[in-house]
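Working notes, beginning with the structure itself.
Remember, it's 1-based here, ligands and their atoms both numbered in the order they're listed.
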Amino acid sequence: TEYDTILVDTRGRVGWITLNRPEALNALNGRLMHEVVDVATRFDADPGIGAIVVTGSDRAFAAGADIKEMEDKTGLDMVMEDHFGGWARFAALRTPVIAAVAGYALGGGCELAMMCDIILAADTARFGQPEVNLGVIPGMGGSQRLVRAVGPYKAADLVLTGRMMDAAEAERSGLVSRVVPAGDLLTEAGAVAEQIAAKSLPSLYAATAVLDAAQETTLAEGLRLERHVFASLFDTEDQKEGMAAFREKRAAEFRHR
Ligand code: HXC
């Protein structure tokens, strides 16, 4: 398949998606959303893929939703075309997704990173929700996921001032999983993705599902879900293999990976 706004690559069991609109700092337009969702959905359905990396350029992960595309729209347009609807499908992928962020991750770019399971940041990364500077508010989940990620006071600071925070502040705030030197970002992302992709797929799918549930259920509900999902994995060959391999002091040979 030919894509205009992204580069796609498969290396072993890892699917790579590189946002590629350098002329617009990878601003997320409708075309890019459809292309990302299309390839991510295909990776998600492919048992040969155990992890997905989403990245941008050195200068920008993504500088937000495409302002020029949105500028003239009415509220009705936004509703009728479900302007950001595809991103909900991206956020619901069961394959682990790693965002590898260098440079700007602003507005929709920060929100896209927060739809991923793991956020690796280069020391050059800059995160922010600058929508208030445009007379709007975050529209791809930022007002909700950022509060859950960094707490209400840091989130309000970012959403109300529209300022950017650097990688160190993002790490202190709990927005990123790890910070690495910019030159190591893709190597590190590839290593993390390969480490994940070597596990058994049913356990990865189970893990992303319960981790996602933790963002939106009560503790009691979440613990009930965890107990059921945990039990269900004892009906997989890979659980038998994983535990036998431990006992026999050898590497596990998972079938579903
Ligand atoms: C469309 C964008 C863009 C964006 C940058 N560009 N961000 N185009 N949408 N979000 C374009 C610029 O217009 C310019 O193209 C080119 O990319 C390079 O950007 P410059 O501004 O020249 O670069 P620089 O001076 O280095 O400044 C970088 C920047 C700035 C600080 C990141 O570009 C910026 O502030 N961008 C907007 C960030 C933002 O507000 N994001 C939130 C969007 S709203 P031309 O051809 O003009 O030279 C959002 C929320 C969605 O994401 C929900 C709301 C409803």
ILVMFWY network linking V8 to F90, side-chain heavy atoms under 4.5 angstrom:
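Per the 4.5 Å side-chain linkage, V8 and F90 are co-clustered.
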With no hydrogens and no angle check, just 3.5 Å: does a side-chain donor-acceptor pair link Y3 and N20?
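Looking only at side-chain atoms, N20 and Y3 do not form any donor-acceptor pair under 3.5 Å.
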Does ligand 1 come near enough to [X] that some N or O of the ligand is less than 3.5 Å from an N or O of the residue?
X   : value
R59 : yes
F84 : no
A63 : yes

Any protein heavy atom at under 4.0 Å, with atom 45 (P) of ligand 1 as the reference point?
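Given the 4.0 Å limit, the answer for atom 45 (P) of ligand 1 is yes, a protein heavy atom qualifies.
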Heavy atom to atom 51 (C) of ligand 1, shortest distance: which of A24, A62, A65 holds it?
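Comparing heavy atoms across A24, A62, A65, the nearest one to atom 51 (C) of ligand 1 lies in A65.
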From G141, G107, P130 - option closest to atom 40 (O) of ligand 1 by heavy atom:
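Heavy atom nearest to atom 40 (O) of ligand 1 belongs to P130.
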Who else is in V229's hydrophobic cluster (ILVMFWY, side-chain heavy atoms under 4.5 Å, direct or via others)?
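Other cluster members: V210, L225.
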Quick one: nearest non-hydrogen protein atom to atom 34 (C) of ligand 1, plus distance?
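Result for atom 34 (C) of ligand 1: L106 CD1, 4.8 Å.
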Around atom 33 (O) of ligand 1, find the nearest protein heavy atom and jot down its residue, atom name and distance.
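That would be L25 CD1, 3.7 Å.
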Residues which pass salt bridge (Lys or Arg N to Asp or Glu O under 4.0 Å) with D9, listed by chain and number, not counting sequence neighbours:
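By the salt bridge (Lys or Arg N to Asp or Glu O under 4.0 Å) rule, D9 matches R11.
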Measure from NZ or CZ of R126 to the centre of the six-membered ring of Y104, then state whether that distance is under 6.0 Å and the direction lies within 45° of the axis.
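No - R126 does not lie over the ring of Y104 by the 6.0 Å and 45° rule.
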